Structures are given as C-alpha cells and as structure tokens.
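Pasting a structure below so you can have a look.
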2 protein chains.
Amino acid sequence: MSNPFDRPEALSRRGGPVKEPLSRDRIVTAALALLAEEGLEGMSLRKVAAAVETGPASLYPYVGDLEGLQALVLDRALAAVDTSGAKRRGRRERLKAVLLSYSAVLLEKPGLAQLAMPAPAIGPHTMRLLDTLLGLLEEGGLDRPTAAWAVDLLFLYVTSSALEQTRGHDPRSHVATIRGASAADYPHVHAARAELLSGEVPERFSWALDAVLTGVLACPVTSSRQGSGRKSSR
Amino acid sequence: MSNPFDRPEALSRRGGPVKEPLSRDRIVTAALALLAEEGLEGMSLRKVAAAVETGPASLYPYVGDLEGLQALVLDRALAAVDTSGAKRRGRRERLKAVLLSYSAVLLEKPGLAQLAMPAPAIGPHTMRLLDTLLGLLEEGGLDRPTAAWAVDLLFLYVTSSALEQTRGHDPRSHVATIRGASAADYPHVHAARAELLSGEVPERFSWALDAVLTGVLACPVTSSRQGSGRKSSR
DNA sequence: ACCTGAACACCGTTCAAGT
DNA sequence: ACCTGAACACCGTTCAAGT
C-alpha cells in the first residue's frame, strides 16, 4: 500500500482560495522542473515547497514522503518515452528503438537515472513501457517465460547504463586509473587498456543491446525448467 | 586527481599520543562496520567520526570527503571477492563463479550495491576483479575488444541486479501492481503476469548471466568496426 | 477540519580558535 | 603546524498551534 500512485491525493475544496490551489500535479510539475535545473539533490522537499509557495509540511497530503514524490516524478518523466516504434522495420529494430527512447529520456534530465535505478514504485507510464517491451519480445519469437525474464534484464541494463553515463564522475579518473594499471599487477587490464577505453558511448551501448538481445533469444527459459509458470503456451 | 586511492593519507607523528592514533585504515574499518549494522545512511561522516571517537572534521585529512570515504569502503569490501575460481571446470563456469562471488559480496552488506552502482572511483580490489574477468573472457575465446566491452556490460548487470535485490522496496507493491494490471490497459503484462513473477532470484540471475555471456560470445565487436583500438591482435 | 510555521533530529563541510 | 569544536547551511519529517 506504499505505492503513491494508489493513494488518492487530497482534494482541494470547491470554489477554493484565490491563489492557484495546491495539487499533486502542480507539485510534480514543479519538482520535475527543479530536477531538470538542479539535478536530484536540487529536488528537495523544501525547495519544491518553496517553488509552489508553501511550507514543506504542505506537500505530505499530496505526494506522501520524499520517496513518493520521487516515484511520481519518475513516472511523469517516463511519459515522454516513445513506445510507438512504428517506423522501424524489423521487430528487433523496434525493440531497440523503444529502449533507446527510454535511455534518452533518462539521460535528458540529470537525476532521472538515479531515480529509476531501484524503481521505487511502478506508475502507469512505466507500466506502458513494460507492456510494450513484453509485446515486442513475444512478437520477436520469445516464449512468454523467457520474455518475462528478459524484460527485467533489459530494463536493468539500460537503466544502469544511463546511470553510469549520467553520473559524470570525471571519467578522467577512471581513464587515469586504467592507463596507470601496471603490467605486473593487472596484466589483462594493462594489455587491454586501449580497448577498455575505446569506442564512443552510443556505439558501445548499441553493441551491448545487440549482445543481450542475441543472448536472450538463444537462451529460452523453458529449455531448462521454469517452476511456477503455469502454462507452456505456444 | 579526485581518486582517493591516489591521495596519500596524513601521517601520524611517530611516537604518537597515548590513544590509538587515527588512520585511514581505522576509519574505513569503522565505516564498514557501521555500514554492515545500519546500512548506507547509517554510515554518515558524523557517525563514523563518533565511532573512532573524534569530531567529524578530523576525518577529512584521511579520507577526503564523503564520496572518498565511500570509495574506500567499497574497495575494502571487495577484497572479499573470490577471484580464484579455480575449482570449476569450464571457463564459463569459472567466470560465473567470480561474478557470483562479486554479487554475493555486494549482497552481504545492505548498502554496498548502492555504493558500487555508479563506481565512484576504482581501487585496487576492484581492479583485481576487473583484471580477473578480462582474463577469463579472453581465455574463453573472446577477442580483446569484445572482452573489454563485455566486462563493462557484465559489471553493470551484476551490480544493478544486486542493487535491485538489496533495496527491499517491499516487492509486495510491485507484485500487487503487476497482478493488478488490467487486460485492457496492459495486455501483455496481464497475459504474462504469472511468468513475470515466477522463478527464484538465483534461478533468474543464473539465467540472465548465461544469456549475457551467450550474447557476448555471439557478438564480436570487431565484426563491425571498433574505432580506436590500436592492434587487431590474435 | 484543514493547513502550515516552527521545531526536531539529523546531515556534509568549513574555519577559526586552540594546542 | 596540526587538530578539532563549533558554526554554517542545509536536509526530511512531525506536530502543535492557528485558521
């Protein structure tokens, strides 16, 4: 019952006050704007409250606690994911297009990937994305149990990859650490240091998606055993 | 230069005071204990300082800021990863054994996966793990460019998977959300709801590792093009 | 009854004042 | 010169006092 999407927001009185009344929608909008401008730590309850011109205590009836607000903000942002993917020809291309759109949305605002990583609660837009991916995977020829497990793997990889890209972390330091790896202590890293640092991000991301999709297609879950799935459909 | 492993720690005077002198090692040990007991937010600079009986300002010369302390704690914890993997027969089994050990270490203490996710800085134990994985991938028949990109993919997946497991997040709510998906709004989720929730965690994790490894083996990077890698060895 | 200012119990980081 | 207590500028959350 901790899912903030389930909790009805407090209603403002009819014929309300002169000032624009507070609402969950207004709060989430303000929070998303703050996130875009200042990143995740800029989106504090106190700053959001200030942005809608009230005290921090007033947000609680509308969005619950900080985690609730974050879940609402994430799902609002994911409304921008393009799940149509209609233009591409092959199903695999459509699948990659949806995943790329999801990744692009996460990368658009600085703190979004951080919010998405542990997926605090699933809202309607996240559900739409999940549903689309499941559909494309099944259309692509995966049996249902494999598609169900694969969608988790894909989500996790794309989200964590976006998180890695988002957090600047001065790639400098990693580069320096890898370049500085001695052949004595870390022979494989030393030998592969050029390759470890090679390639542009989109190139690597695209390769990784292809690798995961290829692997998923080649590893049907049902071939071993799959416990609780009820029907062995198709 | 922000890598805390590079910064020499302040030296305590020879023939120091009566009380056990402060040191980076003592601080990191205390912090790791705090992490184990209270989780990530229990490991605040103030609490760590209290644990070593000093004021919060005193930690700065030894570990830098909070991020520095977190990087040191993570790497210390990763010392426990078993990179030998000697017992298993096949190379793929050895690879999986190392990844499972890494995952197990992350899952042992509540906040570790959170620390590892964005990999703030790479310490010696992380490097050892990276080196081992690279070696096993190359032994397994991957060309060097592919192994270099694959190790990133594997790291990201295993770490984010551990993070997902660690953060309790009351799986209840996700279960309820997926169970409650209407056939009208989310047809694929509705149809696959049993499969989405099926399987034990280790089973799913093992399957995902196999899928990723299979995909990686089937998708050599060099087959397309791989920009900056210098030599096309082997 | 609803709303919210002020209070509470924390943070990370800095800096001046002490030894 | 080094070390650190106290101060600074924040947090999320609660609750009593106001309307």
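Predicted, not measured: the structure shown is a model, and the values here were computed from it. Below, read A as the first sequence line, B as the second, and so on, with proteins coming before strands; counting in each chain starts at 1.
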Considering only the P atoms, how many Å lie between C:dG18 and D:dC8, rounded to the nearest integer?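 Comparing P positions in C:dG18 and D:dC8 gives a spacing of 16 Å.
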
Which value, in whole Å, describes the distance between the C1' atoms of nucleotides C:dT14 and D:dG12?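 One C1' to the other, the span is 23 Å.
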
Does a nitrogen or oxygen in the side chain of B:T54 sit under 4.0 Å from OP1 or OP2 of D:dT4?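 Yes, within the criterion.
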
Between D:dC3 and B:S58, is there an OP1 or OP2 to side-chain N/O distance shorter than 4.0 Å?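 Result: no.
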
B:D152: side-chain hydrogen bond (donor to acceptor under 3.5 Å, both in side chains) partners, not counting sequence neighbours: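 Testing B:D152 for side-chain hydrogen bond (donor to acceptor under 3.5 Å, both in side chains), a comparison that skips the adjacent residues, returns none.
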
Pairs flagged by ring pair (Phe, Tyr, Trp, His ring centres under 6.0 Å) wherever residues 26-57 of chain B is involved - sequence neighbours left out: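 Output for this query is empty, none listed.
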
Rounded to whole Å, CG of A:L59 lies from P of C:dC2 at a distance of 18 Å

Geometric class of the B:W207/A:W149 ring pair [parallel <30°, tilted 30-60°, perpendicular >60°]: perpendicular

Where protein sits on nucleotides 10-15 of chain D, one letter per nucleotide: B base, S sugar-phosphate only, - none, heavy atoms under 4.0 Å: -BBBBB

Rounding to a whole Å, what distance do you find between A:L22:CG and C:dC3:P?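 Taking CG of A:L22 and P of C:dC3, I get 9 Å after rounding.
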
Euclidean distance for P, C:dA9 against D:dA9 (whole angstrom):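 Here C:dA9 and D:dA9 have their P atoms 22 Å from each other.
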
Applying ring pair (Phe, Tyr, Trp, His ring centres under 6.0 Å) to A:F155 and not counting sequence neighbours gives A:Y102

Non-neighbouring partners of B:S58 that pass side-chain hydrogen bond (donor to acceptor under 3.5 Å, both in side chains), sequence neighbours left out: B:T54

Not counting sequence neighbours, list each pair that qualifies as a salt bridge (charged side-chain N to carboxylate O under 4.0 Å, His left out) and has a residue in residues 179-193 of chain B.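 Listed once each, the pairs would be none.
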
Sorted by chain and residue number, the side chain to side chain contact (heavy atoms under 4.5 Å, CB included) partners of A:Q70 (sequence neighbours excluded) come out as A:L40, A:M43, A:L66, A:L115

For the side chain of A:S206 and the backbone of A:P202, is there at least one donor-acceptor N/O pair under 3.5 Å apart? no

Paired stretches of DNA chain D - 3 or more consecutive Watson-Crick or G-U pairs, each distance under 3.5 Å: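 When the pairs of DNA chain D are grouped into runs of at least three, the stems are C:4-8 with D:12-16, C:12-16 with D:4-8.
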
What pairs with B:D65 under side-chain hydrogen bond (donor to acceptor under 3.5 Å, both in side chains), at least two apart in sequence or on another chain?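 side-chain hydrogen bond (donor to acceptor under 3.5 Å, both in side chains) check on B:D65 returns nothing, list empty.
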
Salt bridge (Lys or Arg N to Asp or Glu O under 4.0 Å) filter on B:E37, not counting sequence neighbours, yields none

Report the residues that fulfil side-chain hydrogen bond (donor to acceptor under 3.5 Å, both in side chains) with B:K109, sequence neighbours left out, ordered by chain and then residue number.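 Scan of B:K109 (side-chain hydrogen bond (donor to acceptor under 3.5 Å, both in side chains), adjacent residues dropped) gives none.
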
What nitrogen or oxygen pairs link the protein and nucleotides 16-19 of chain C at under 3.5 Å?
none

